[in-house]
Undergrad: 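Structure provided below as structure tokens; questions to follow.
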Amino acid sequence: MKYTFVTLFPNLIEGYFKDSILKRAIEKGILEIDYINPRDYSTNKHHKVDDTAVGGGAGMVMNPQPLFDALESLKAQDENVHIVFMTPVAKPFVQNDAKRVAKKSHIAFVSGRYEGIDERVIEKYADEVFSIGDYILTGGELASLVVCDAVSRNIDGVLGNADSLEIESFETPLLEAPSFSKPQIYEGLSVPSEYLKGNHSKIRSLKLALSEAKTKFFRPEQLKKHQTQSH
Ligand code: ADE
């Protein structure tokens with residue numbers, strides 16, 4: 001998978017790939033990262049990339065010209081690139097999206113800064129738009145990293161242990177049961193005793209009960225979905 005980050009601030013993104021799982025995936029040749037800075041495409045003599053909003057409104061909006069030219073050059077390099085815009089005005093990104101777009105060969109994440117991106121750019125170039133949640137970030141960079149990370153876990157070879165992809169939260173409506181590590185008792189706090197007895201069917205039913213309790217507390221609407229599905 002190749003990721004191209006279209007951003008005015010590549011430094012905000014680069015550090016994330018310098019450690020841990022995604023660094024290893026780059027070293028193994030599974031992932032490739034590239035950056036395009038729309039400022040490099042600005043025809044303005046001061047390399048300006050934004051302006052006040054036509055029709056009024058607060059803040060600066062990213063102009064179409066640098067982004068049109070940047071995205072044309074990207075499409076000329078790879079006509080199959082899947083272009084994703086990060087904006088709070090979009091469908092919320094969920095696990096199924098992560099699994100679906102993990103099958104693409106090249107994803108470009110376009111991050112807006114200021115008050116947003118001229119809508120004509122989105123109209124012309126977006127294959128899809130994602131929001132990562134109902135809050136406003138100072139720019140799309142963090143959002144693009146969130147999506148990139150969640151997608152990457154679903155690409156073969158990125159996670160060391162393929163098992164960890166098997167049953168995860170959000171692939172069923174239930175939240176995952178709690179996990180415990182060693183020692184069995186730490187500072188007087190014990191792992192649930194059923195986890196220690198080795199009866200796998202009992203462990204499974206306890207985990208299901210704990211999943212349901214967590215889901216009921218944190219995400220009651222998901223529990224309803226689970227109950228409808230399992231009847
Ligand atoms: N840019 C600013 N806020 C955002 C959000 N919540 N999701 C995606 N992109 C954004």
Side-chain angles (χ1 to χ4, degrees), residues 1-17 21-22 31 33-42 48-71 74-75 81-104 106-155 158 168-171 175 218-219 221-222:
M1 167 76 84
K2 179 169 177 180
Y3 296 117
T4 300
F5 292 90
V6 180
T7 170
L8 296 171
F9 301 99
N11 287 339
L12 289 181
I13 294 183
E14 275 165 2
Y16 196 66
F17 299 102
I21 292 176
L22 299 188
L31 301 183
I33 314 290
D34 200 5
Y35 300 91
I36 292 181
N37 191 333
R39 197 176 294 285
D40 297 339
Y41 290 82
S42 172
K48 200 167 138 58
V49 289
D50 61 322
D51 217 324
T52 51
V54 174
M60 305 294 272
V61 177
M62 286 176 73
N63 296 132
Q65 179 275 316
L67 282 165
F68 265 60
D69 289 359
L71 293 172
L74 177 66
K75 287 176 71 144
V81 61
H82 188 70
I83 302 181
V84 175
F85 282 70
M86 304 309 304
T87 156
V89 187
K91 167 192 166 308
F93 174 75
V94 295
Q95 183 70 11
N96 273 342
D97 297 312
K99 295 183 79 154
R100 174 174 55 80
V101 299
K103 300 191 182 94
K104 307 280 179 196
H106 184 182
I107 300 174
F109 294 105
V110 186
S111 299
R113 282 259 137 186
Y114 317 112
E115 285 307 301
I117 293 177
D118 187 301
E119 189 69 15
R120 290 166 289 185
V121 185
I122 301 172
E123 284 285 318
K124 183 162 165 83
Y125 291 102
D127 291 308
E128 59 190 311
V129 287
F130 285 137
S131 162
I132 63 159
D134 292 342
Y135 39 79
I136 315 287
L137 303 165
T138 57
E141 284 76 9
L142 260 183
S144 66
L145 275 178
V146 167
V147 171
C148 171
D149 188 282
V151 170
S152 298
R153 297 179 71 258
N154 292 284
I155 296 170
V158 169
E168 293 189 304
S169 280
F170 309 116
E171 291 180 17
L175 300 184
F218 290 117
R219 302 287 297 272
E221 80 292 352
Q222 290 282 111

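FYI, the numbering just counts along the sequence from 1. Fair warning: this is a prediction, and the values are worked out from it, not measured in the lab. Atoms within a ligand are numbered from 1 in the order they appear, just like the ligands themselves.
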Undergrad: Which atoms from ligand 1 have a heavy atom of Phe130 less than 4.0 Å away?
TA: 8 (C)
Undergrad: Heavy-atom count around Arg100 CZ within 6.0 Å, excluding the residue itself: above 12?
TA: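 Yes, because the 6.0 Å sphere around CZ of Arg100 holds more than 12 heavy atoms from other groups.
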Undergrad: Looking at Phe68 versus Tyr41, is the centre-to-centre ring distance below 6.0 Å?
TA: no
Undergrad: What residue and atom, counting heavy atoms only, is the protein's closest point to atom 3 (N) of ligand 1, and at what distance?
TA: Leu137 N, 3.0 Å
Undergrad: May I ask you to decide if Asn63's main-chain N or O and Asp118's side chain share a donor-acceptor pair within less than 3.5 Å?
TA: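 Not a single qualifying donor-acceptor pair exists.
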Undergrad: What's the shortest distance from atom 6 (N) of ligand 1 to any protein heavy atom, and which residue and atom give it?
TA: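 Answer for atom 6 (N) of ligand 1: Tyr135 O, 2.8 Å.
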Undergrad: Around atom CD of Glu123, are there more than 12 heavy atoms of other residues, nucleotides or ligands at under 6.0 Å?
TA: no
Undergrad: Quick one: nearest non-hydrogen protein atom to atom 9 (N) of ligand 1, plus distance?
TA: Thr87 N, 3.2 Å
Undergrad: Show, in sequence, the C-alpha distance, side-chain angles and deciding distance for Lys91 and Asp97, and conclude whether the salt bridge (charged side-chain N to carboxylate O under 4.0 Å, His left out) test is met.
TA: CA-CA 10 Å; Lys91 167 192 166 308; Asp97 297 312; 2.6 Å; yes
Undergrad: In ligand 1, which numbered atoms sit nearer than 4.0 Å to a non-hydrogen atom of Ser131?
TA: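 Selected atoms, number and element: 6 (N), 7 (N), 8 (C).
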Undergrad: Please state which protein non-hydrogen atom is closest to atom 4 (C) of ligand 1 and give its distance, to 0.1 Å?
TA: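 The protein heavy atom lying closest is Pro88 CD, 3.6 Å.
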Undergrad: Examine Gly133 against ligand 1 and note whether any of their N/O atoms are separated by less than 3.5 Å.
TA: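 By distance alone, the answer is yes.
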Undergrad: May I ask you to check whether Ile132 has an N/O atom sitting below 3.5 Å from an N/O atom of ligand 1?
TA: yes
Undergrad: For the pair Ser42 (side chain) and Arg39 (backbone), establish whether a donor and an acceptor sit closer than 3.5 Å, ignoring hydrogens and angles.
TA: no
